[in-house]
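Please read the structure below before turning to the comments.
Below, chains carry the letters A, B, ... as their sequence lines are ordered, and counting in each starts from 1. Heavy-atom basis, side chains included; hydrogens, waters and symmetry copies ignored.
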Amino acid sequence: MKPLKASRVGIILMLGLLVLFLVAIGCGKGSEQTGNGDAGEEIVVTDGLGRKITLSKPAERVLTTYGIATHMVFALGAQDNLVGYDTPSKNNAFFNALMPEFANLPTPGSPGETNIEEVIALNPDLILVAGRNKELVDNLEQKGLTVFGVVAEDLDQLKDSMINLGKALGREETAQEFVNYYENTLQKVKERTENLAKEDRPKVYLVGPMGLLSTCSKDMYQHHLIKLAGGRNAASELEGGWVEVSPEHIIEWNPDLIFVVQYTADTTPESIMKDERLQGVKAVMNKQVFWFPSNINPWDYPSPQAVLGLYWVASKVQPDLFDDIDMQAEADQFFKKFYGKTYTELGGTLD
Amino acid sequence: MSISVGRYSLPLEVILELVRCKLTNREVPSELFSPSVVFWSVRLPRAIMALLVGAVLAIAGTVFQGVFRNPLVSPDILGVSAGAGFGAGLAIILIGRSALAVQSMAFIFGLAAVAAAYQIGRRSRSDSVTVLVLAGVIVTAIFTAGLSFLKYVADPYEQLPAIVFWTMGGFSNIVWKDVYWTLPVFIVGTAVLYFLRWRLDLLSLGDEEALTLGVDVKRMRLLYISVSTLLVASSISTSGTIGWVGLVMPHMARLIVGPNHQILITFASILGAIFMLLIDTLARTISSGEIPISIMTSLIGAPFLAYLLLRQEERDL
């Protein structure tokens, strides 16, 4: 029995040392934090999780580990303040085209996997992470870092995020311009579509990321996008994110239009037009099968360019109500305003 | 039966009418156009594929259990599925999405996985049946980790969906082209195993006995394993990894017809085909969406393995 006890004491001692060590590190960080909160007025913003965040001045060293947050930084024109960004955005042609030195910046992680040591080493004033990863938010916060959880699962959250991030990054004006543009678009589309009767709303089947048989259920952003634009989501009876269906579903739903997201697997509008199983479907018979723009960035999820996605869907499902909208010109104007280059200049097309 | 139930309702008399039209080369009446597409282009190829894959998996499982003289093995337990999934992921990232590249890489890595599991099992000092199973667990873990790594480094918009799409599988997207592609492999592979089935009995006697009876044990074993792995890899390439069928079907068959491989293989393949069709029919009718088929096979297969283990224990006591 004695040797066992001795080893137990050893373990307890080691644990004790470990705790002391951790406490020491924690204190060190804490005192550093309080040291530099002196100059100017404080900035208080609210993140997507409803947390209040206080900054002594607009953030100059910004880090993101979330693609949508990276998009927001670019839309706010604050990309020069980036000290690092999420790994999946590394080869994003759009970001690289807008910012030549983008490829040389460090990429300390993705929403799921973040290298916390590298994050700390980059010494950011503000870290933007996916708000759904609450653990990461808490974890980084405990390291004494300032964390902003970005939640933009619907258009309202997107708007709030842009306003608050605009404040935190010292880009309030741009953020306000964005929100104005955004609200105008929304208002315009809503006015024209909200009183449409069910039978005047064409049925849309959206091909999701896992190929022809994956689609958006009723709890997804894309579902609301289609609805707002004056259409009906074919899969609105299903729930649970991207869902799997069978070809029989598509035949039975008989959609008027089929949209294909460009990040899908092994499916193209051409392959759908040729698919013998879908020859009786209205969308195929009437040649209403399209790529969902854009070839630069997807417009179907809640990134800042989602407003363009809304316009695009509206112009496809309700062409008569939106015949005054020149999509390419609209996109050019939006890109020029928020990114400094037109959509056409960046190689963007609508097909 | 299976082809008449589903999302899109197809009563039996409609199917009969459709078949009559086909046989007499008559034009399908316009009101039957959609049912005709559902029947001929969606449900029929799907049902045929389910039957084929079920049969092939059951045959491969029977052969594995005979060759390794171990009732607890099957291609998916020895790591074929994990290896094939990894190979396919590697092909998608390094070579591209051509079907030939993906399928051959899946086959090569599937084979490598069994080889590795077998070597680990053989070199271990204890010669129990569980060691081989544990070796399979190890190999599966390594290849699964490898696949996760590939997913991590894959381009999230181009390659990642392709990898997930490939490994997920299921029968929902089967068209005639898939049947035409895999049928030759299935026929040749099954024929080889079928004509050599009598030697399986010899192999399952043990190496020494088989040698004295004039069987080239090493070469036979390699042949059996490669052909079965090829069958499994090509079934994975059309319908994803479907676990447990290869393990459980041979046992059910053995319970009914006994251990003689001459009959066992035929019977297991029929049982596997019926089981697969049944499961696939359930998968597409139970809920309003599609339930991934591997969920269903695991739910039925895993408890069955537990039952086998318990029964074996009782006998040992």
Side-chain angles (χ1 to χ4, degrees), chain A residues 67 86-94 109-113 207-215 217-218 235-254 261-267 271 274-282 284-285 295-298 301, chain B residues 3 5-10 28 30-46 92 97-99 102 148-149 151-177 280 283-285 287-293:
Chain A
D86 61 298
T87 319
S89 294
K90 184 101 191 159
N91 299 320
N92 186 305
F94 171 67
S110 60
E113 297 289 329
V207 175
M210 299 301 158
L212 173 67
L213 300 179
S214 71
T215 190
S217 63
K218 69 169 171 214
S236 53
E237 63 188 283
L238 302 178
E239 51 188 285
W242 293 113
V243 285
E244 289 288 307
V245 298
S246 82
E248 297 177 25
H249 284 94
I250 310 179
I251 294 170
E252 193 191 74
W253 288 329
N254 197 9
V261 302
Q262 300 200 14
Y263 50 93
T264 192
D266 296 327
T267 305
S271 75
K274 274 191 266 171
D275 196 319
E276 55 169 336
R277 297 170 295 180
L278 303 178
Q279 292 309 311
V281 171
K282 275 188 256 168
V284 172
M285 291 196 293
N295 56 332
I296 300 184
N297 282 309
Y301 65 72
Chain B
I3 42 183
V5 292
R7 174 80 200 180
Y8 194 102
S9 96
L10 274 185
V28 178
S30 60
E31 75 271 14
L32 284 183
F33 182 75
S34 281
S36 155
V37 171
V38 169
F39 176 67
W40 290 113
S41 311
V42 179
R43 249 176 238 172
L44 204 57
R46 181 173 183 167
I92 287 170
R97 277 144 65 172
S98 89
V102 174
S148 304
F149 178 73
K151 283 183 184 167
Y152 177 71
V153 296
D155 172 355
Y157 292 121
E158 293 287 328
Q159 296 163 339
L160 187 59
I163 295 178
V164 178
F165 180 72
W166 199 89
T167 47
M168 209 168 46
F171 292 104
S172 57
N173 206 11
I174 296 292
V175 289
W176 284 114
K177 206 178 71 193
D280 182 50
R284 63 186 162 84
T285 47
S287 79
S288 52
E290 284 260 336
I291 299 176
I293 195 145

Is [X] close to chain B through its backbone or its side chain, or both, or neither, when contacts mean heavy atoms under 4.5 Å?
X: Trp253(A); result: side chain
X: Val245(A); result: backbone
X: Asn91(A); result: neither

Checklist line | Lys282(A): partners by side chain to side chain donor-acceptor pair (under 3.5 Å), with sequence neighbours left out | finding: Asp256(A)

Next item on the list: With sequence neighbours left out, write down each residue that passes side chain to side chain donor-acceptor pair (under 3.5 Å) with Glu239(A), or none if nothing qualifies.
Entry: none

Margin query: Using a 4.5 angstrom heavy-atom cutoff, name the option from Ile291(B), Asn173(B), Val175(B) with the most pairs to chain A.
Written below: Asn173(B)

Margin query: Once rounded to the nearest 0.5 Å, what's the spacing between atom OG1 of Thr264(A) and atom CG of Leu212(A)?
Written below: 8.0 Å

Item checked: Trp242(A) and Met210(A), any side-chain heavy atoms less than 4.5 Å apart -> no

Note to self: Is Ile92(B) close to chain A through its backbone or its side chain, or both, or neither, when contacts mean heavy atoms under 4.5 Å?
What the structure shows: neither

Check: Any luck finding a side-chain donor-acceptor pair between Asn92(A) and Ser89(A) under 3.5 Å?
Finding: no

Checklist line | Contact leader toward chain B among Glu276(A), Gln279(A), Glu248(A), where contacts are heavy-atom pairs under 4.5 Å | finding: Glu248(A)

